[in-house]
Participant: 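One structure, as C-alpha cells, below. Some questions next.
Start at 1 with the first residue, then count along the sequence. Worth saying up front: this structure is predicted, and the values here are computed from it rather than measured.
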Amino acid sequence: MIEPERPSKTQIKKQMHALQELGERLVTLNPDQLLAVGLPEDLHEAVRDAQRIPGRESRRRQLQYIGRLMRDVDPEPIRDRIAAWDGLSREHAAKLHGIERWRERLLDDQAAIGEFLRERPGADSQRLLSLIRNARAERAAAQPPKSYRELFRLLRDILE
C-alpha cells in the first residue's frame, strides 16, 4: 500500500512562517481594516492584544501565538484583502505624487501654467493664478505654506 506523499518538514516550516508573517501584517492594520478582514473572534482578540503589547519578547511570543491560530483559518481571503488595500494605497500615493509634481512645475515654470490650463479648460484660472502667486510669495518670504497647501487642494480637486 502506497502512502500519499507528506510535505517535508521544511515545507511545513515555510508554511508556518508564512502564516506568522501574515499575522504580523494583520497587527499593522487599523481597527476598521481588522474588522473588515472578518477574522474569527479568538484570532481577532490575539491581534488586538499584540497591537497593545509594547515589550519585544512578549510581542514575539504573541505573534507566534497568532501564527498558531492562523493554522485554523483559510489565509487566502485575508491575503487578497490586504493585497487589495496595498494596491489601493500605492495607486493613491501615485496620484498624490502626480499632484505634487504639477504643483512644483506650476510654481517653478511660468509656461507650465498655460499648459495646465490648456489640458484642463474647466479649471478656475483666476483662483489658480492667485494661489500660485501667493505660494511663490510665501516661499520667497519664508512664511508658512498656507497658499502652497491650498494650491495642492485645488489641484487635487481639478485633477480628480
Participant: Is it the case that Q64 and R60 place a side-chain donor and acceptor less than 3.5 Å from each other?
Facilitator: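 Note: Q64 and R60 side chains meet the donor-acceptor criterion.
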Participant: Checking side-chain contact (heavy atoms from CB on, under 4.5 Å) for the pair Q11/K14: CA distance, chi angles, key distance, verdict?
Facilitator: CA-CA 5 Å; Q11 289 171 327; K14 283 182 183 179; 5.7 Å; no
Participant: Once rounded to the nearest 0.5 Å, what's the spacing between atom CZ of R71 and atom CD of Q20?
Facilitator: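 Here the rounded value is 9.0 Å.
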Participant: Is it true that the side chains of R48 and Q51 contain a donor and an acceptor less than 3.5 Å apart?
Facilitator: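 There is such a pair between these side chains.
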Participant: Quick one, M16 and M70 - any side-chain contact, counting heavy atoms below 4.5 Å?
Facilitator: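 Not touching, per the 4.5 Å side-chain cut-off.
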Participant: Considering only NZ, NE, NH1 and NH2 on the basic side and carboxylate oxygens on the acidic side, decide whether E150 and R127 come within less than 4.0 Å.
Facilitator: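 Here E150 pairs with R127 in a salt bridge, since their nearest N and O are under 4.0 Å apart.
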Participant: Salt bridge (charged side-chain N to carboxylate O under 4.0 Å, His left out) with D108: which of R101, R103, R139?
Facilitator: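 Among R101, R103, R139, the one that satisfies the salt bridge (charged side-chain N to carboxylate O under 4.0 Å, His left out) with D108 is R139.
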Participant: Return the CZ to CZ distance between R61 and R56, rounded to the nearest 0.5 Å.
Facilitator: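 Separation between the atoms: 12.5 Å.
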Participant: At their closest point, which heavy atom of D32 faces which heavy atom of N30, and how far apart are they?
Facilitator: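 Smallest interatomic distance, heavy atoms only, reads N-OD1, 3.0 Å.
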Participant: Using 0.5 Å steps for rounding, measure from the CG atom of D49 to the CD1 atom of I66.
Facilitator: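 Here the rounded value is 8.0 Å.
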Participant: Between E45 and V47, is any pair of side-chain heavy atoms under 4.5 Å apart?
Facilitator: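 The answer is no; the side chains never approach within 4.5 Å.
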Participant: Just to verify, what does T28 make a side-chain hydrogen bond (donor to acceptor under 3.5 Å, both in side chains) with, not counting sequence neighbours?
Facilitator: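 Counting only residues at least two positions away or on another chain, T28 forms a side-chain hydrogen bond (donor to acceptor under 3.5 Å, both in side chains) with R25.
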Participant: Honestly curious: do L22 and L29 fall in one hydrophobic cluster under the side-chain, below-4.5 Å linking rule?
Facilitator: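 They do share one cluster, since a chain of ILVMFWY contacts under 4.5 Å joins L22 to L29.
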Participant: Could you check whether R136 pairs with E104 (Lys NZ or Arg NE/NH1/NH2 to Asp/Glu carboxylate O, under 4.0 Å)?
Facilitator: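 Looking at R136 and E104, the cut-off is not met.
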Participant: Answer yes or no: are there more than 12 heavy-atom neighbours, outside R52 itself, under 6.0 Å from its atom CZ?
Facilitator: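 Yes - once you tally the heavy atoms of other residues, nucleotides and ligands closer than 6.0 Å, there are more than 12.
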Participant: Heavy atoms only: give me the nearest L19-G67 pair and the separation to one decimal.
Facilitator: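 The answer is CB-O, 4.3 Å.
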Participant: Tell me whether R79 is salt-bridged to E76, with the criterion being a basic N under 4.0 Å from an acidic carboxylate O.
Facilitator: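 A salt bridge links R79 with E76.
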Participant: Going through the distances and angles, do W85 and D80 end up as a side-chain contact (heavy atoms from CB on, under 4.5 Å)?
Facilitator: CA-CA 9 Å; W85 285 326; D80 293 343; over 6 Å; no
Participant: Hydrophobic clusters join Ile, Leu, Val, Met, Phe, Trp and Tyr when side-chain heavy atoms are under 4.5 Å apart, directly or via other members; which others share one with I113?
Facilitator: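 So far as hydrophobic clustering goes, I113 is joined with L96, I99, W102, L106, L107, F116, L117, L128, L129, L131, I132, Y148, L151, F152, L154, L155, I158, L159.
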Participant: List the steps, then state whether side-chain contact (heavy atoms from CB on, under 4.5 Å) holds for V27 with R59.
Facilitator: CA-CA 10 Å; V27 172; R59 186 175 174 90; 3.2 Å; yes
Participant: Evaluate the criterion side-chain contact (heavy atoms from CB on, under 4.5 Å) for residue pair I82 and L26; output intermediate values, then yes/no.
Facilitator: CA-CA 9 Å; I82 290 173; L26 287 173; 4.1 Å; yes
Participant: Check A135 against S147 and note the closest heavy-atom contact, atom names and distance.
Facilitator: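 Reported closest heavy-atom pair: N-CB, 3.7 Å.
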Participant: Hey, does the side chain of E138 reach the backbone of K146 with a donor-acceptor pair shorter than 3.5 angstrom?
Facilitator: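 Answer holds: yes.
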Participant: Hydrophobic clusters here meaning ILVMFWY residues chained together by side-chain heavy-atom distances under 4.5 Å, can you tell me if Y65 and I12 are in one?
Facilitator: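 Linked, Y65 and I12 end up in one cluster.
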